[in-house]
Amino acid sequence: MPAPIRAARGVRDVLPAERAAWSLVERAAHGAARRFGYQLIETPIIEPLELVERGVGEDTDVIAKEIYFVQPRQGSEQRLVLRPEATAGMVRAYFQNGLNQAPPPARLYTIGAMFRHDRPQAGRYREFHQLDVEAIGEASAALDAEVIELAAAWLRALGLEDWTLEVNSIGDGACRPAYLELLKAYYRPLRDQLGPDCQRRLETNPLRLLDCKEPQCQPLRERAPRIADHLCPECARAFVEVRSLLEAAGIPYRLNPYLVRGLDYYTRTVFEFQHRLLGGAQNSLAGGGRYDGLSEVIGYRPTPATGFAAGIERVVLTLQELGRLPAAEPAAELAVLADGPDLAAPVAEVARLARPAVRTLTDASPRSLGAKMRAAGRAGYRWVAILDAAEAERRVVRLRDMDSGQQRELRWEELPSLLGAEPSPAGVAG
RNA sequence: GUGGCUGUAGCUCAGUUCGGUUAGAGCACCAGACUGUGGAUCUGGGCGUCGUGGGUUCGAAUCCCAUCAGCCACCCCA
């Protein structure tokens, strides 16, 4: 026998008990997105390397070490990768399918798996799932506020109230270059006090100096020029508008002048939802912002857009920490039990008749009736229908109400109407 | 990718310090008893190459090395 094959590192199985919580989170996401007029789309999990490279930024860690490459069958084939995030694919799909021909903005969302070759940790997996919400085609600050409000509505629908929202503006092509010069001018004399990473960032990606967590770098940023003080009139106006819209919507937020995105095509609004229960390093529930420069980078017409990505696993984890996971639901409401051997066919027929009314499973195993009843009791089924050979011949069952213990004989054909009349949510779950 | 901690039954763990017969407990699972036919109780049962591979030794769950996996902190982000 070969060695047991285990799942790859950093990926995990979501079993039925936990999957119920996922369904809750996903249903809330669909509900929130639809209520804001966002439509569900699906984009491929594999995308061309170039899309991901340019969509994420070639100098980022994601590109440098976290990309999963798809092994090409021939060297000449296009290089494909597993998507590490959804936004670039969403924008590609928007243009490629002509959604830019409709009146803007396109309000789109998707839920799906993303892949990053990180070092696994609780709340951080190599395959993880995101809710991704994008409003593409319009520069209005109202859309920034809208996607934030959507995210907040989603979290609130799940009973998550204790998050914090941090907001910042990082300007645009008109004002950021000048600000970056100011930032560099501030940091250059302090270069020797910076960590090695930040010494490099000083010239390549100075915004990143602001959110460096190295103890030696942190104090220096206190006196650094703040971009909020150096926004161009348009960006300043947009920032004010986003903030006033959030206040009007009753969404509490905190200004974090050190919240940044490292890439050039991010503009103006950036934000992040956090939750303390997620613990230190992995406390981010969702993050996003405006990315007016992305479409050009991937070869399409300049088009403003804004959105966010949220971690499904992290939301589920937070619900778990709060003890708010939904109670495990029995797999069925009715179990049809064979009292004796060779009853598979009649048991299946009884179940078939009952299924239009209630979720029904069968147990025609050779175990004793006591064992089957014990299993049914533990599983929490509402009803049990028992039949032996003689009853099968007469087309009747003993129907037992597991709560009251009451039991009566009835004809198979009576099952659906009788059980259907009982108040029982036959809703679709997970 | 860097550093640290940890891997024993399906799950939670004891045993490891200081090597010594057939490696333990609870939960869960299966069978039976008890109420014809239930969640409790009782009895019995498989619980396992002690993560994997190699080494030291008369002898390794225990010591050493490697490897894989999980967790924690970085890096980064969801």
Side-chain angles (χ1 to χ4, degrees), chain A residues 1-12 15 17 25 56-57 59-67 83-87 111-133 151 195-198 201 205 208 211-215 259-263 272-275 278-288 308-318 330 335 337-340 363 365-388 397-407:
Chain A
M1 198 167 65
I5 298 172
R6 297 173 48 82
R9 185 172 198 196
V11 304
R12 53 195 291 269
L15 303 180
V25 169
V56 177
D59 292 335
T60 60
D61 274 24
V62 170
I63 290 299
K65 61 189 190 195
E66 296 179 4
I67 289 292
R83 63 183 183 187
E85 53 94 42
T87 305
I111 301 177
M114 311 293 155
F115 301 84
R116 292 182 200 171
H117 192 98
D118 249 346
R119 187 84 166 249
Q121 217 170 311
R124 186 171 71 184
Y125 307 100
R126 290 180 172 182
E127 178 188 26
F128 59 103
H129 297 76
Q130 289 187 334
L131 163 65
D132 194 75
V133 175
D197 284 337
C198 283
R201 288 175 182 141
N205 202 345
R208 280 249 157 244
D211 72 343
C212 178
K213 286 148 196 113
E214 289 289 325
L259 182 65
V260 302
R261 298 275 125 135
L263 304 171
E272 186 169 310
F273 285 81
Q274 300 171 349
H275 202 288
L278 279 175
Q282 269 69 49
N283 66 349
S284 175
L285 284 175
F308 72 87
I312 301 293
E313 282 87 350
R314 292 192 182 172
V315 171
V316 171
L317 199 58
T318 307
L337 309 187
D339 184 7
D363 188 347
S365 67
R367 297 185 297 165
S368 69
L369 186 58
K372 292 177 204 174
M373 285 298 293
R374 185 161 52 247
R378 289 186 190 179
Y381 307 135
R382 178 73 205 285
W383 294 285
V384 159
I386 308 161
L387 76 167
D388 60 21
V397 292
R398 285 163 271 163
L399 180 68
R400 185 180 182 87
D401 182 321
M402 295 296 274
D403 293 333
S404 66
Q406 288 183 349
Q407 188 170 310

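If you're wondering where the values come from, they're calculated on a predicted model, not measured in any experiment. Chain letters run A, B, ... following the sequence lines, proteins first and then strands; every chain starts at 1.
- Taking the C1' atom of each, B:rU8 and B:rG26 are spaced 15 Å apart, rounded to whole Å.
- One finds no side-chain N or O of A:Arg124 lying less than 4.0 angstrom from the OP1 or OP2 phosphate oxygen of B:rC74.
- Taking each heavy atom of A:Pro120 and A:Gly10 in turn, the nearest pair found is CG-CA, 3.7 Å.
- Rounded to an integer number of Å, the gap from CG of A:Asp363 to P of B:rG39 is 15 Å.
- For A:Lys372 (side chain) and A:Ile386 (main-chain N/O), no donor-acceptor pair under 3.5 Å exists by modelled atom type.
- When the P atom is used for both B:rU22 and B:rC64, the distance is 24 Å, rounded to whole Å.
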Between the protein and nucleotides 4-11 of chain B, which nitrogen or oxygen pairs come in under 3.5 angstrom?
none

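- Comparing A:Pro120 and A:Tyr381 by the nucleotide of RNA chain B that holds the closest heavy atom to each, the one mapping nearer the 5' end is A:Tyr381.
- The separation between A:Tyr125 atom OH and B:rC71 atom C1' is 11 Å, rounded to whole Å.
- Side-chain contact check for A:Arg119 versus A:Arg9: some heavy-atom pair is nearer than 4.5 Å.
- Contacts of A:Gly10 with the nucleic acid, taken as non-hydrogen atoms under 4.0 Å apart, involve only primed sugar atoms and P, OP1 or OP2.
- B:rC68 and B:rG32: their C1' atoms are spaced 43 Å apart (whole Å).
- If you check B:rA78, B:rA31, B:rC76 against the side chain of A:Glu66, the one that comes closest is B:rC76.
- The two residues A:Phe128 and A:Pro84 make their nearest non-hydrogen contact at CZ-O, 3.9 Å.
- At B:rA73, one or more side-chain N or O atoms of A:Gln121 fall inside 4.0 Å of OP1 or OP2 (strictly under the cut-off).
- Between A:Asp401 and A:Arg382, some side-chain heavy-atom pair lies under the 4.5 Å cut-off.
- Figure legend. B:rC50 is base-paired to no nucleotide; pairs are counted as Watson-Crick or G-U wobble with both atom distances under 3.5 Å.
- Judged by distance alone, the side chain of A:Arg400 and the main-chain N or O of A:Val384 form no donor-acceptor pair under 3.5 Å.
- No engagement by A:Ile312 is indicated, since no non-hydrogen atom pair under 4.0 Å with the nucleic acid exists.
- The CZ atom of A:Arg126 sits 12 Å away from the C1' atom of B:rC68 (whole-angstrom rounding).
- Atom C1' of nucleotide B:rC76 and atom CD of A:Gln130 are separated by 13 Å, given to the nearest angstrom.
- A salt bridge links A:Arg398 to A:Asp388: one of the charged nitrogens lies within less than 4.0 Å of a carboxylate oxygen.
- The two residues A:Glu85 and A:Thr87 come nearest to each other via the heavy atoms OE1-N, 3.0 Å.
- Atom pair A:His117:NE2 and B:rU2:C1' shows a separation of 14 Å (rounding to whole Å applied).
- A distance of about 13 Å separates the P atoms of B:rC50 and B:rG24, rounded to the whole Å.
- Counting only distance, with no hydrogens or angles, the side chain of A:Arg83 and the backbone of A:Ala113 share a donor-acceptor pair below 3.5 Å.
- Nucleotide B:rU17: unpaired (no Watson-Crick or G-U wobble partner with both distances less than 3.5 Å).
- Using a distance-only test at 3.5 Å, with no hydrogens or angles considered, no donor-acceptor pair links the side chain of A:Gln130 to the main chain of A:Asp132.
- The distance between atom CG of A:Leu369 and atom C1' of B:rC34, rounded to the nearest whole Å, is 16 Å.
- If you check B:rU62 for Watson-Crick or wobble pairing at under 3.5 angstrom, you find it has no partner at all.
- Across the strands present, B:rC5 finds its partner in B:rG70; the criterion is a Watson-Crick or G-U wobble pair with both atom distances under 3.5 angstrom.
- Separating the C1' atom of B:rA9 from that of B:rG51 is a span of 14 Å, rounded to the nearest Å.
- Position along RNA chain B of the nearest nucleotide to A:Gly287 versus A:Val11 favours A:Val11 as the more 5'-ward residue.
- The backbone N or O of A:Asp118 sits less than 3.5 Å from a side-chain atom of A:Arg126, completing a donor-acceptor pair.
- Distances shown here put a side-chain N or O of A:Ser368 below 4.0 Å from the OP1 or OP2 atom of B:rG32.
- Across all strands shown, B:rG32 pairs with B:rC42; the Watson-Crick or G-U wobble distances both stay below 3.5 Å.
- Counting non-hydrogen atoms under 4.0 angstrom, A:Ala376 reaches nothing in the nucleic acid.
- Across all strands, A:Gln407 comes closer than 4.0 Å to base atoms (heavy-atom distances).
- Comparing B:rG1 with B:rA60, their C1' atoms are spaced 35 Å from each other, to the whole Å.
- Note: CG (A:Leu131) to C1' (B:rA78) measures 11 Å, nearest angstrom.
- In the set B:rG38, B:rA78, B:rA73, B:rA78 carries the atom at the smallest distance from any side-chain atom of A:Ser284.
- Residues A:Arg124 and A:Arg314 form a side-chain contact, since some pair of their non-hydrogen atoms from C-beta on lies under 4.5 Å apart.
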Atom pairs under 3.5 Å, N or O on each side, protein against nucleotides 40-48 of chain B: can you list them with distances?
{"from": "B:rA40", "atom 1": "OP2", "to": "A:Arg378", "atom 2": "NH2", "distance (Å)": "3.4"}

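- Residue A:Arg400 has its side chain nearest to B:rG38 when only B:rC71, B:rG38, B:rA78 are considered.
- Across all strands shown, B:rC75 has no partner, as no Watson-Crick or G-U wobble contact with both distances under 3.5 Å is found.
- Atom CE in A:Met114 sits about 11 Å away from atom P in B:rA78, given to the nearest Å.
- If you check every strand for non-hydrogen atoms under 4.0 Å, A:Ala375 touches nothing.
- Across B:rA78, B:rA69, B:rG38, the shortest atom-to-atom separation from the side chain of A:Arg9 is found for B:rA69.
- Distance from the side chain of A:Met373 is smallest for B:rG38 among the nucleotides B:rG38, B:rC74, B:rA78.
- When the P atom is used for both B:rG59 and B:rG20, the distance is 15 Å, rounded to whole Å.
- Across the C1' atoms, B:rA40 and B:rG4 are found 47 Å apart, a figure rounded to whole Å.
- Side-chain atoms of A:Glu127 do not come within 3.5 Å of backbone N or O of A:Arg12 as any donor-acceptor pair.
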